[in-house]
Amino acid sequence: MLCGGVSALIKAGFDTLVEAGYQPESAYFECLHELKLIVDLIYRGGLAYMRYSISDTAEWATTLAARASSTPRAARR
């Protein structure tokens, strides 16, 4: 589940950045670079530490994503 979820997240991030005008090579690097930074923060201090360490905008997005993934519709996917 984690490998599939991470793969889907990378692909969605890549597609979003390319659609926004990023060059594919830059979009790919940006997605993987950011993912590594996030994983390193979680490894260092857990999810709370990661949320504490990221920008306010990114922290807000984690709240939105948590709400979206906990809806009955998301559970049926």
Here the side-chain hydrogen bond (donor to acceptor under 3.5 Å, both in side chains) pairs for residues 32-53, sequence neighbours left out, are K36-D40, R44-Y49
Which atom pairs, donor and acceptor, lie under 3.5 Å between side-chain atoms of residues 21-31 and protein residues at least two apart or in another chain?
none

What side-chain donor-acceptor pairs closer than 3.5 Å can you find for residues 3-10, not counting sequence neighbours?
residue	atom	partner	partner atom	Å
S7	OG	C3	O	2.8

Quick check on the hydrophobic clustering: are F14 and L35 connected, directly or via other members, by side-chain heavy-atom contacts under 4.5 Å? yes
Is W60 reachable from I38 through a run of hydrophobic residues whose side-chain heavy atoms are each under 4.5 Å from the next? no
